[in-house]
Every structure is written in C-alpha cells, then in structure tokens.
Asks: 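For reference, the structure I am asking about is given below.
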Amino acid sequence: MNLHKFNYFLKITFLPFLLISSIFTSCSTVKHIHVEKPVDTHSKKIYLQQKKIYNLEEMGIKLSNKFDGARLNNVTQVNDSMIAVSIYPENAPINNSAFYAFKIWSKNPKTTYVQFKYPKKYSHRYIPKLKISATKYTPISSENVFLLDSIYTIKLALTKEPLTVSAQEIITSTDTKNWYSKIISSNPNLVHYKTVGKSVLGRPIPMLDIYTGNPENKEIVVLLSRQHPPEVSGFIAFQSFLETILQDNDLSKSFFSKYRVLVFPIVNPDGVDLGHWRHNAHGIDLNRDWGFYRQPEVKAVTKAIVKTAKKYKEKVILGIDFHSTQEDLYYTSGTIEGTTIPNFYDDWFRVINEAFPNYTPNEIREDSTQPVSKGWFLATFKATAITYEIGDETPRSFVKAKAKVAAIEMMKILNKR
C-alpha cells in the first residue's frame with residue numbers, strides 16, 4: 001500500500017471515531033472536584049427485602065411490605081399481645097436513618113404491641129406516622145410509645161382495615177410524578193419537562209426547566225430534593241418552595257423575567273421506592289458523589305446543569321438542596337468573597353427569622369470537605385449554595401409556611417440584583 005492510499009485508509013477508518021470522540025468530550029463538561037475528604041462511591045451490593053405478606057395465624061394478624069416505599073425485613077411473635085418487626089438497612093456502613101414502613105391488620109379488633117428491632121449500632125429515629133385508607137398521616141400519640149433500654153415499642157389498635165405504620169409520610173416516585181405533572185399542566189408556558197437520565201434501575205430522573213419567553217440571558221437557580229429517601233420533611237418544604245415561586249403574581253413574573261430555574265424533584269427514585277434508609281440501588285449515598293459522578297443519578301443531574309449553563313452561556317448563581325435531619329438548620333458555604341451573591345445568606349436568613357419570631361434555626365457556615373452538592377455548586381460555578389435541612393418532626397404546617405417565606409424572600413433578593 002503506497003503512502004497516498006495509506007493516508008486515505010487512515011482518514012476513512014479513524015475520522016468517524018475521532019469525530020464521535022470529539023463530540024463526546026465536548027459534551028462531557030462536568031469537571032471532577034477535589035475535596036479534602038474523598039468518599040468511595042464505587043457501587044456496592046445491596047440487600048433487597050423480601051416482598052411478602054407475613055401471616056401470624058395464632059394472633060390473627062397480618063403485615064405487608066408489598067408496596068412502593070415499604071421497609072420491613074422480618075416479623076416474629078413475641079407473646080400473645082406483642083410482635084417484633086425487624087428493620088435492616090440496604091447495606092452498611094450507613095447513616096442511622098432507620099426507615100420503616102409496613103401495613104398491619106387483624107382478623108378481629110384487638111390491641112397489639114409492636115417492638116422495633118434493628119441491627120447493632122443502629123437505633124430508632126423516626127416517630128411512627130399512622131394512616132388508614134384515605135386519611136392523612138398522623139404521628140402516633142406519645143401515650144402509645146414505650147422506650148425501655150433503647151427498645152422502642154408502640155401500641156396499636158388493629159382492625160380488618162390495614163393500618164399503615166411508617167417512619168415518615170410515604171411519597172413514592174409515582175406520587176412525585178403525579179404532583180409535578182399537575183404543576184406542568186397548570187403552567188404549560190412556564191414549566192418545561194425533560195428526562196435527563198435514568199436511575200440504576202431505569203427510573204427516569206426528571207427535570208423541570210422553568211422560564212418565560214427566551215431562555216437565553218437568564219441566570220440560573222437550581223432546586224433539588226430526595227437524594228436521601230426518608231427525608232420527607234425536606235421534600236415537603238421543597239414542594240411548598242416551588243409552588244410559591246410559581247404563583248401567578250407580580251413578584252413571580254418579575255423573577256422569571258430575569259431568571260431560569262432548573263428543578264430536580266426526585267434525584268434518588270430507586271431508593272425512595274425501595275424504602276431505603278439512605279442509598280441508591282447501587283448502595284451509595286448520592287450526596288457524596290458530587291465530584292466523582294460514579295452513580296448515574298448524580299451524573300445525569302450534574303451534566304444537565306452544566307450543559308444547560310454552557311449552552312446558553314449563563315451561570316448558575318444559586319443552588320438549594322432540600323434535606324431533613326433531627327432539627328431545622330442550614331448548611332452554607334464558608335467562602336463568601338467572589339461568589340455569585342455574597343450578601344445572600346445574611347439577607348435571606350434575616351428576613352426569614354423576622355417572619356417567625358422566637359425561631360432561629362442553626363446555620364453552619366463552612367466549606368464542604370466531602371463531595372456534596374453544596375460544595376459542587378461553589379467549586380463549579382462559584383455559586384451561592386445552601387443545604388436546606390428540615391427537622392424530621394417539624395410540624396408540617398410550619399414546614400410549608402417557612403418554605404413559602406423563604407421562596408418569596410429569595411425572589412425579592414434576586415429581583416434587586
């Protein structure tokens with residue numbers, strides 16, 4: 001083969017590969033983030049609960065975990081009036097967020113005691129929420145809770161109608177889709193839906209792209225929730241926050257004339273539907289993968305954010321990640337100078353606190369040492385970022401009210417820029 005033919009052979013053989021490689025590289029714009037305390041986010045094995053109906057024939061009691069969001073690993077009879085439910089995490093080590101959810105009913109009306117059993121090193125965290133059919137979840141009365149030597153026991157009045165006992169309100173991926181579908185249909189010219197990727201088990205990762213008119217020349221705000229499945233109070237705050245900024249009023253119209261909002265309602269749909277304590281279907285805490293992108297959910301979300309910002313030559317100025325913990329608090333960045341909105345924290349918290357006298361949640365202001373979303377927004381865009389934490393048992397009416405004020409004041413602050 002002469003030199004001319006050889007060069008031609010190289011062109012027709014490798015040129016398509018080079019073009020594809022170039023395109024792929026140009027789209028893969030999410031940079032790795034160096035952190036002080038890296039975390040191993042390579043996939044790990046999880047242990048699935050067996051979906052079944054547990055039949056305690058001698059007691060005439062049945063329990064079930066055959067529904068999305070359930071968590072129940074075993075049931076045993078302790079005595080004539082007491083049963084024990086075993087609750088195990090999807091894998092370990094794991095944050096002590098012992099989530100449980102099951103249905104229980106009896107052939108005949110009776111009072112039954114239910115004892116919770118966890119593996120060593122783990123303990124009860126969530127006050128049980130009870131629900132029958134279409135009623136709302138109601139926290140169990142304190143008079144029906146017994147704690148002895150760290151063993152948590154509750155007293156239930158059972159009937160033929162299944163009673164749902166859950167650590168937190170069950171809001172599945174389907175429930176979430178039904179909620180945001182109504183938002184989309186109610187705001188067809190404002191809310192644009194897109195699937196940005198799929199979870200480990202193939203569930204869609206939804207994004208709501210919210211803007212009016214031309215999306216260009218609009219700085220970007222990012223909202224996300226449900227990285228950790230049991231953190232439902234944070235999701236309730238997220239819902240109220242989003243619904244508030246979408247209200248048809250002058251404040252919202254002025255806000256959306258200048259800004260674009262990218263919303264990720266459910267980052268970990270597998271973990272939510274599997275009833276996980278913390279992790280995705282690969283056994284990883286997704287809020288420790290924001291820098292490595294080894295998990296498909298984080299990879300999809302971060303790529304969508306970066307790709308959108310680069311396509312429209314705009315910057316992300318604010319990221320808010322909604323979570324839950326034992327008490328209300330805010331995690332903010334220690335770096336202020338040179339960020340997108342240096343005065344945001346002080347201005348925002350001041351007006352929120354003024355709106356709720358005698359309420360001042362803790363703010364922890366420090367740069368992230370682990371690969372979490374807050375640190376990612378700062379490192380990638382120099383964006384102001386908040387991990388918005390709501391207490392597990394914060395009254396839901398207050399959760400919604402505070403989130404509404406937070407959304408209104410965010411818009412006011414940004415409209416003044």
Side-chain angles (χ1 to χ4, degrees), residues 95 97 168-169 171 176 208 210 220-246 259 261-268 278 285-288 290 301 305 316-334 336 339-341 343-356 359-368 370 372-378 381 383-414:
N95 178 275
S97 303
Q168 295 288 53
E169 300 90 329
I171 305 176
T176 304
L208 308 184
I210 308 176
I220 297 170
V221 174
V222 179
L223 308 176
L224 60 145
S225 186
R226 292 311 285 277
Q227 290 205 72
H228 299 147
E231 298 183 6
V232 174
S233 60
F235 179 71
I236 292 171
F238 164 85
Q239 288 179 301
S240 178
F241 193 100
L242 180 60
E243 289 167 357
T244 300
I245 68 173
L246 290 174
Y259 298 100
V261 182
L262 302 182
V263 178
F264 300 90
I266 183 165
V267 179
N268 187 3
R278 182 83 167 181
D285 181 342
L286 293 181
N287 203 31
R288 298 297 183 272
W290 288 69
V301 170
I305 296 169
V316 174
I317 60 165
L318 177 63
I320 307 179
D321 187 2
F322 290 80
H323 286 260
S324 304
T325 189
Q326 281 82 2
E327 59 181 359
D328 293 11
L329 61 87
Y330 306 101
Y331 289 107
T332 57
S333 298
I336 302 295
T339 58
T340 50
I341 324 172
N343 63 316
F344 185 83
Y345 298 145
D346 291 337
D347 292 346
W348 198 46
F349 297 141
R350 175 177 50 77
V351 292
I352 292 174
N353 293 342
E354 288 174 355
F356 301 100
Y359 170 79
T360 305
N362 188 23
E363 179 198 355
I364 300 177
R365 187 174 294 191
E366 60 185 13
D367 289 337
S368 303
Q370 294 184 324
V372 300
S373 63
K374 176 174 71 74
W376 183 84
F377 283 112
L378 177 64
F381 299 104
T384 299
I386 302 110
T387 303
Y388 186 111
E389 299 265 10
I390 291 292
D392 299 328
E393 310 304 336
T394 299
R396 300 323 191 218
S397 59
F398 182 74
V399 170
K400 296 175 183 178
K402 190 182 82 162
K404 182 176 181 179
V405 170
I408 290 171
E409 298 305 329
M410 178 203 72
M411 291 189 289
K412 287 181 179 180
I413 293 170
L414 295 188

Asks: First locate atom CG of L378, then atom OG1 of T384, and finally report the distance between them rounded to the nearest 0.5 Å.
Replies: 8.5 Å

Asks: Kindly say whether P229 contributes a backbone atom to a donor-acceptor pair with the side chain of N268 at under 3.5 angstrom?
Replies: no

Asks: Hey, could you give me the OH/CD1 distance between Y345 and I413, rounded to the nearest 0.5 Å?
Replies: 12.0 Å

Asks: Parallel, tilted or perpendicular: which one describes the rings of Y359 and F356, with boundaries at 30° and 60°?
Replies: perpendicular

Asks: What's the spacing between E363 CD and D328 CG if we round to 0.5 Å?
Replies: 14.0 Å

Asks: Go through the steps to decide whether H228 and N95 satisfy the test side chain to side chain contact (heavy atoms under 4.5 Å, CB included), and finish with yes or no.
Replies: CA-CA 10 Å; H228 299 147; N95 178 275; over 6 Å; no

Asks: Check whether any side-chain heavy atom of Y331 sits under 4.5 Å from a side-chain heavy atom of D321, and report yes or no.
Replies: no

Asks: When you measure from the side chain of S240 to the backbone of A403, do you find a donor-acceptor pair of N or O atoms at a distance under 3.5 Å?
Replies: no

Asks: So which atom in I341 and which in I317 form the shortest heavy-atom distance, rounded to 0.1 Å?
Replies: CD1-O, 3.8 Å

Asks: For the side chain of Q168 and the backbone of E231, is there at least one donor-acceptor N/O pair under 3.5 Å apart?
Replies: no

Asks: To the nearest 0.5 Å, what is the distance between CD1 (I305) and CG (L224)?
Replies: 7.0 Å

Asks: What is the distance from atom CE of M410 to atom OH of Y259, rounded to the nearest 0.5 Å?
Replies: 9.0 Å

Asks: Can you see which heavy atom on D367 is nearest to which on G334, and at what distance?
Replies: OD1-N, 2.9 Å

Asks: For residues I236 and I390, determine if any side-chain heavy atom of one lies less than 4.5 Å from a side-chain heavy atom of the other.
Replies: no

Asks: Counting C-beta onward and ignoring hydrogens, is there a side-chain heavy-atom pair between L208 and L242 closer than 4.5 Å?
Replies: yes

Asks: Measure up the F241 and Y388 rings against each other and bin them: parallel (under 30°), tilted (30 to 60°), perpendicular (over 60°).
Replies: perpendicular

Asks: Go through the steps to decide whether F381 and T340 satisfy the test side chain to side chain contact (heavy atoms under 4.5 Å, CB included), and finish with yes or no.
Replies: CA-CA 8 Å; F381 299 104; T340 50; 5.7 Å; no

Asks: Under 4.5 Å between any side-chain heavy atoms of V372 and T387, yes or no?
Replies: no

Asks: Minimum heavy-atom separation for I171 and R226, please, with both atom names.
Replies: O-NH1, 3.1 Å

Asks: Can a donor-acceptor pair be found, under 3.5 Å and without considering hydrogens, that links the side chain of W290 to the backbone of K374?
Replies: no

Asks: Picking from P230, S97, S233, what satisfies side-chain contact (heavy atoms from CB on, under 4.5 Å) with S324?
Replies: S233

Asks: Before giving the answer on side chain to side chain contact (heavy atoms under 4.5 Å, CB included), spell out for F238 and I320 the whole-Å C-alpha distance, their side-chain angles and the decisive distance to 0.1 Å.
Replies: CA-CA 9 Å; F238 164 85; I320 307 179; over 6 Å; no

Asks: Could you tell me if the side chain of N353 sits less than 4.5 Å from the side chain of P361, heavy atoms only?
Replies: yes

Asks: Do V351 and V405 have side chains that get closer than 4.5 Å, going by heavy atoms?
Replies: no

Asks: So, taking the atom named OG in S368 and the one named CH2 in W376, what distance separates them when rounded to the nearest 0.5 Å?
Replies: 13.0 Å

Asks: Would you indicate whether the side-chain heavy atoms of V267 and N287 approach each other to under 4.5 Å?
Replies: no

Asks: At their closest point, which heavy atom of E327 faces which heavy atom of T325, and how far apart are they?
Replies: O-CG2, 3.0 Å

Asks: Which label fits W348 and Y330: parallel for a plane angle under 30°, tilted from 30 to 60°, or perpendicular past 60°?
Replies: tilted

Asks: Are side-chain heavy atoms of I386 and F344 found at a separation under 4.5 Å?
Replies: yes

Asks: What verdict does the side chain to side chain contact (heavy atoms under 4.5 Å, CB included) test give for L286 and V301, after you've listed the backbone C-alpha separation in whole Å, the side-chain angles of each residue and the deciding distance to 0.1 Å?
Replies: CA-CA 11 Å; L286 293 181; V301 170; over 6 Å; no

Asks: Salt bridge check: are D347 and K412 linked by an N-O gap of less than 4.0 Å?
Replies: no

